[in-house]
K.L.:
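Dropping the structure in here first, questions after.
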Number of protein chains: 2
Amino acid sequence: MSEGVEWALHTCANLACADPGEAVPAKRLAAAFALPTAYLNKQLQALARAGILTSTSGPRGGFRLARAPGAISLLDVVVAIEGAEEAFRCASILRASPWGREGVDYRATCAVSQAMRRAELAWRRELAGQTIADIAATVENRHPGTAERVGGWLTEARG
Amino acid sequence: MSEGVEWALHTCANLACADPGEAVPAKRLAAAFALPTAYLNKQLQALARAGILTSTSGPRGGFRLARAPGAISLLDVVVAIEGAEEAFRCASILRASPWGREGVDYRATCAVSQAMRRAELAWRRELAGQTIADIAATVENRHPGTAERVGGWLTEARG
DNA sequence: GCTAATGTACTCGGATATCGAATGTCCGAGTCCTTCTGG
DNA sequence: CCAGAAGGACTCGGACATTCGATATCCGAGTACATTAGC
């Protein structure tokens with residue numbers, strides 16, 4: 001799995017702590033984890049295209065969450081970065097077998113494909129059940145005051 | 001996910017239909033799905049290293065299942081090909097943050113890492129619950145006689 | 001003093017290199033069968 | 001006719017190219033603010 005997924009999840013969690021009225025530049029978001037700014041920017045663009053973030057150009061511009069943290073599931077973020085197609089993609093190799101038929105959609109009927117799809121659905125269901133708000137709540141519960149501190153750090157040192 | 005996983009799963013399912021006393025060469029296994037022989041051989045070697053298959057050199061040599069199909073889970077096959085490390089690997093980027101501590105194992109405590117790990121465990125649990133025998137049984141149930149036919153095809157045209 | 005236009009700095013956005021891993025291919029090591037020769 | 005040895009063919013096993021996507025970087029487009037000139 002792409003490393004950008006981890007960056008995106010942590011960055012979204014950070015943005016959940018920031019003031020919704022203030023946009024945070026990619027430069028600042030990258031500095032939070034000592035990440036390369038330009039590449040993180042690329043991931044943020046993907047999140048923006050997916051409708052998870054909104055972007056603003058110019059001075060006092062940057063990124064902010066497009067909707068409430070509780071309405072952003074981990075699956076949303078993963079799909080935005082990794083793409084919608086499932087990890088195991090059936091190539092229908094059964095069709096090339098001597099006992100394979102032509103007019104059959106092996107992607108749907110092949111037993112192997114079905115088993116893998118079932119596993120992947122379990123994975124997606126687990127991810128869809130967790131939101132950015134849940135992550136933030138867990139952290140806040142373990143280390144009270146973190147959200148306040150992070151939110152302040154993200155918007156400090158602003159012209 | 002690597003395409004070799006699909007090849008490995010289908011090939012194991014085929015071997016489950018073959019006579020356990022007869023080894024099937026990689027060439028024949030590849031011909032079953034019109035796959036490149038040399039590359040499939042590479043995957044079969046990985047399965048042999050993982051203890052899923054046993055290999056025999058020389059004439060009348062080839063591969064066969066190392067244990068009963070019911071004792072080979074889909075997870076075993078996937079791990080043999082893809083490797084044991086999980087798809088989402090926490091890089092502990094929290095350590096680089098201004099509020100990060102040095103002596104903390106973020107791979108275990110980070111909320112993001114935990115959430116992703118939980119999803120991946122669900123995926124693995126689903127894969128571990130299905131065996132090659134289950135796949136073979138499903139196919140045989142839908143298309144009776146397939147196992148017999150496949151098994152015969154694999155060992156026919158043998159000196 | 002107020003307004004409007006202009007310049008400037010800051011930010012996103014996409015186009016452009018670089019690197020590693022998956023993909024694909026090849027030849028050598030080992031083994032078993034067959035065959036031939038000698039008794 | 002039988003036994004043993006040598007040859008050959010078949011198969012796995014790992015070493016060697018190639019292609020594709022993830023990684024990393026840079027420069028241009030657009031915007032808001034500050035400044036300045038004019039009324």
Side-chain angles (χ1 to χ4, degrees), chain A residues 1-8 11 15 21-31 33-64 66 78 80-83 85 87-89 91 93 154-155 157-159, chain B residues 1-8 11 15 21-31 33-64 66 78 80-83 85 87-89 91 93 154-155 157-159:
Chain A
M1 177 171 306
S2 176
E3 193 171 13
V5 172
E6 186 180 8
W7 301 4
T11 299
L15 282 175
E22 284 282 332
V24 183
K27 188 176 181 180
R28 190 98 184 128
L29 290 170
F33 299 118
L35 301 176
T37 303
Y39 189 32
L40 177 63
N41 190 16
K42 192 179 180 63
Q43 315 290 355
L44 296 177
Q45 286 173 30
L47 293 175
R49 272 194 296 271
I52 296 174
L53 303 183
T54 59
S55 61
T56 311
S57 289
R60 305 196 70 82
F63 295 90
R64 69 192 78 181
V78 170
I81 302 294
E82 288 283 292
E85 66 178 350
F88 180 90
R89 62 205 186 291
I93 64 176
L154 285 176
T155 54
R158 197 69 189 271
Chain B
M1 177 170 307
S2 176
E3 194 172 12
V5 172
E6 186 180 8
W7 301 4
T11 298
L15 282 174
E22 285 282 330
V24 183
K27 189 177 181 180
R28 191 94 184 131
L29 290 170
F33 299 118
L35 301 176
T37 302
Y39 190 32
L40 176 64
N41 191 17
K42 194 180 180 63
Q43 316 290 355
L44 296 177
Q45 286 174 31
L47 292 175
R49 272 193 297 271
I52 295 174
L53 303 183
T54 59
S55 61
T56 311
S57 289
R60 303 196 72 81
F63 295 89
R64 69 193 76 182
V78 171
I81 302 295
E82 288 282 292
E85 67 176 350
F88 180 89
R89 65 204 185 292
I93 63 176
L154 285 176
T155 54
R158 197 68 189 272

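Proteins get letters first, then strands, A, B, ... in listed order; numbering begins at 1 in each. Only a predicted model underlies this, so the values are computations on that prediction, with no experimental measurement involved.
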K.L.:
Please check: side-chain N/O of A:Glu82 versus main-chain N/O of A:Ser2, any donor-acceptor pairing under 3.5 Å?
P.N.:
yes
K.L.:
Minimum heavy-atom separation for A:Lys27 to A:Thr37, with atom names?
P.N.:
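Heavy-atom minimum between the residues: CA-CG2, 3.7 Å.
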K.L.:
Let me test you: for the helix from C:dG1-D:dC39 to C:dG39-D:dC1, what is the angle between the axes at its two ends (five pairs each), rounded to 10 degrees?
P.N.:
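Answer for the end axes of this duplex: 0°.
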K.L.:
What does the B/S/- profile of nucleotides 16-31 of chain D look like, 5' to 3', with a 4.0 Å heavy-atom cutoff to protein?
P.N.:
-------BBBB---BB
K.L.:
With the threshold set at 4.0 Å, does a side-chain nitrogen-carboxylate oxygen contact exist between B:Arg89 and A:Glu3?
P.N.:
no
K.L.:
Look at the side-chain N and O atoms of A:Arg49 and state whether any lies under 4.0 Å from the OP1 or OP2 oxygen of C:dG14.
P.N.:
yes
K.L.:
Checking all strands, does B:Ala26 fall into the base, sugar-phosphate, or nothing category for heavy-atom contacts under 4.0 angstrom?
P.N.:
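Answer is sugar-phosphate: B:Ala26 comes under 4.0 Å of backbone atoms only.
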K.L.:
What is the distance from CD of A:Glu22 to C1' of D:dA32, rounded to the nearest Å?
P.N.:
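Whole-Å distance recorded here is 14 Å.
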K.L.:
When rounded to the nearest 0.5 angstrom, what is the spacing between CG in A:Leu15 and CZ in A:Phe63?
P.N.:
9.5 Å
K.L.:
Table please: side-chain donor-acceptor pairs of residues 39-48 of chain A below 3.5 Å, with sequence neighbours left out.
P.N.:
unit_1: A:Tyr39; atom_1: OH; unit_2: A:Gln43; atom_2: NE2; d: 3.2

K.L.:
Measure from CZ on A:Arg64 to P on C:dC12 and round the result to the nearest Å.
P.N.:
11 Å
K.L.:
Quick one: CD on B:Glu22 to CG on B:Leu154, what's the gap to the nearest 0.5 Å?
P.N.:
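So the gap between those two atoms works out to 11.0 Å.
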K.L.:
Roughly how far, to the nearest 0.5 Å, is CD1 of A:Ile52 from OG1 of A:Thr11?
P.N.:
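Reported value, rounded in 0.5 Å steps: 12.0 Å.
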K.L.:
In this structure, how many angstroms lie between the P atom of D:dC12 and the CG atom of B:Leu53, rounded?
P.N.:
11 Å
K.L.:
Starting at atom CZ of B:Arg60, determine the distance to atom P of D:dT11, rounded to an integer number of angstrom.
P.N.:
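The answer, rounded to whole Å, is 10 Å.
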K.L.:
Examine D:dC12: is either OP1 or OP2 under 4.0 Å from a nitrogen or oxygen in the side chain of B:Gln45? Give yes or no.
P.N.:
no
K.L.:
Over how many whole Å does the gap from B:Lys27 atom NZ to C:dT25 atom P extend?
P.N.:
15 Å
K.L.:
Can you tell me the distance, in whole Å, between the CD atom of B:Glu6 and the P atom of C:dA22?
P.N.:
17 Å
K.L.:
Test side chain to side chain contact (heavy atoms under 4.5 Å, CB included) on B:Arg64 and B:Thr56 and set out the steps.
P.N.:
CA-CA 9 Å; B:Arg64 69 193 76 182; B:Thr56 311; 3.8 Å; yes
K.L.:
Any donor and acceptor pair, going by atom type alone, linking the side chain of B:Glu6 with main-chain N or O of A:Ala91 inside 3.5 Å?
P.N.:
yes
